[in-house]
Amino acid sequence: MAIRDSMKKGTAELVVLHLLRSGRKYGYQIAQEISSRSEGLFTLQEGSLYPTLYRLEKNGYVSSQTEFSPNQQRVRKYYSITDAGESYFFKVWEEYRLISEGIEKILQDQNP
């Protein structure tokens, strides 16, 4: 596994939950918003995004609702953050913040 992939995996839940805090979204919409907001520096492909969503749903942090388009041709599964997901988000965010701060302290006086 590439270093970038490993780092992404550790932050995928945080990013997905953050985006769902602003309202329900479907998978492709989440992927597009991640790419857009990060200016392409952080992306989640289907192979990473959907397992993350399924894991979050299994743990009760998100819920999903399947809806059909008006012409019944397309099905979309919308995801929403739950109250438990909101609490989990803040725990993960604080952990991420502390780890990032610690890494910055370690690297601040080092030249690459």
Side-chain angles (χ1 to χ4, degrees):
M1 179 180 292
I3 293 171
R4 181 179 286 243
D5 290 340
S6 181
M7 293 176 119
K8 254 193 238 186
K9 186 176 181 184
T11 56
E13 287 185 353
L14 177 65
V15 170
V16 169
L17 288 171
H18 174 72
L19 293 178
L20 291 177
R21 294 181 71 232
S22 67
R24 72 186 197 132
K25 296 175 176 32
Y26 56 94
Y28 181 75
Q29 184 179 14
I30 293 168
Q32 293 297 84
E33 203 166 323
I34 288 170
S35 180
S36 172
R37 287 189 181 201
S38 72
E39 298 177 356
L41 296 173
F42 188 92
T43 59
L44 281 180
Q45 302 301 321
E46 286 183 22
S48 299
L49 176 61
Y50 287 102
T52 299
L53 287 166
Y54 300 149
R55 184 173 55 256
L56 289 168
E57 186 172 24
K58 179 182 175 191
N59 291 327
Y61 302 136
V62 301
S63 60
S64 65
Q65 182 178 7
T66 303
E67 293 184 10
F68 290 91
S69 63
N71 61 7
Q72 301 291 313
Q73 299 264 334
R74 177 180 287 200
V75 176
R76 282 198 175 138
K77 191 171 188 177
Y78 287 88
Y79 295 90
S80 301
I81 192 167
T82 63
D83 289 342
E86 189 80 21
S87 295
Y88 180 65
F89 166 76
F90 284 109
K91 288 177 187 172
V92 174
W93 187 18
E94 180 62 13
E95 191 69 24
Y96 173 80
R97 192 187 67 70
L98 290 172
I99 290 169
S100 295
E101 185 179 317
I103 290 170
E104 283 298 318
K105 286 178 185 280
I106 293 166
L107 298 177
Q108 71 186 356
D109 56 271
Q110 299 292 321
N111 293 322

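The two residues T43 and Q45 come nearest to each other via the heavy atoms OG1-NE2, 3.8 Å. Nearest heavy atom pair, residue T82 against residue S63, reads CG2-N, 3.8 Å. Heavy atoms only, all atoms of each residue included: I81 and L20 are closest at CG2-O, 3.7 Å. Residues Q29 and R24 approach most closely at OE1-O, 4.4 Å, considering heavy atoms. Of all heavy-atom pairs spanning G60 and A84, the tightest one is O-CB, 3.8 Å. What you find for L17 and Y61 is that their closest heavy atoms are CD2-O, 4.1 Å.
When hydrophobic clusters are built by joining Ile, Leu, Val, Met, Phe, Trp and Tyr residues whose side-chain heavy atoms come closer than 4.5 Å, directly or via intermediates, V62 is grouped together with Y54. Grouping the Ile, Leu, Val, Met, Phe, Trp and Tyr side chains by contacts below 4.5 angstrom, directly or via other members, places F90 with L14.
Atom OH of Y96 sits about 14.5 Å away from atom CD of E13, to the nearest 0.5 Å. Rounding to the nearest 0.5 Å places CH2 of W93 at 14.5 Å from OG1 of T11. To the nearest 0.5 angstrom, Y50 atom OH is 9.5 Å from K77 atom NZ.
Remark: side-chain polar atoms of S48 are not paired, donor with acceptor, to backbone N or O of L44 under 3.5 angstrom. Not a single donor-acceptor pair under 3.5 Å links the side chain of S35 to the backbone N or O of Q32. S38 places a side-chain N or O within 3.5 Å of a backbone atom of I34 that can act as its donor or acceptor partner.
Counting only residues at least two apart or on different chains, the salt bridge (Lys or Arg N to Asp or Glu O under 4.0 Å) pairs with a member in residues 36-51 are E33-R37.
Ring-plane geometry between Y78 and Y26 is classed as perpendicular, the angle between the planes exceeding 60 degrees on a 0 to 90 degree scale with a lower cut at 30.
Salt-bridge annotation for K91 and E95: absent, with no side-chain N of the basic residue lying under 4.0 Å from a carboxylate O of the acidic one.
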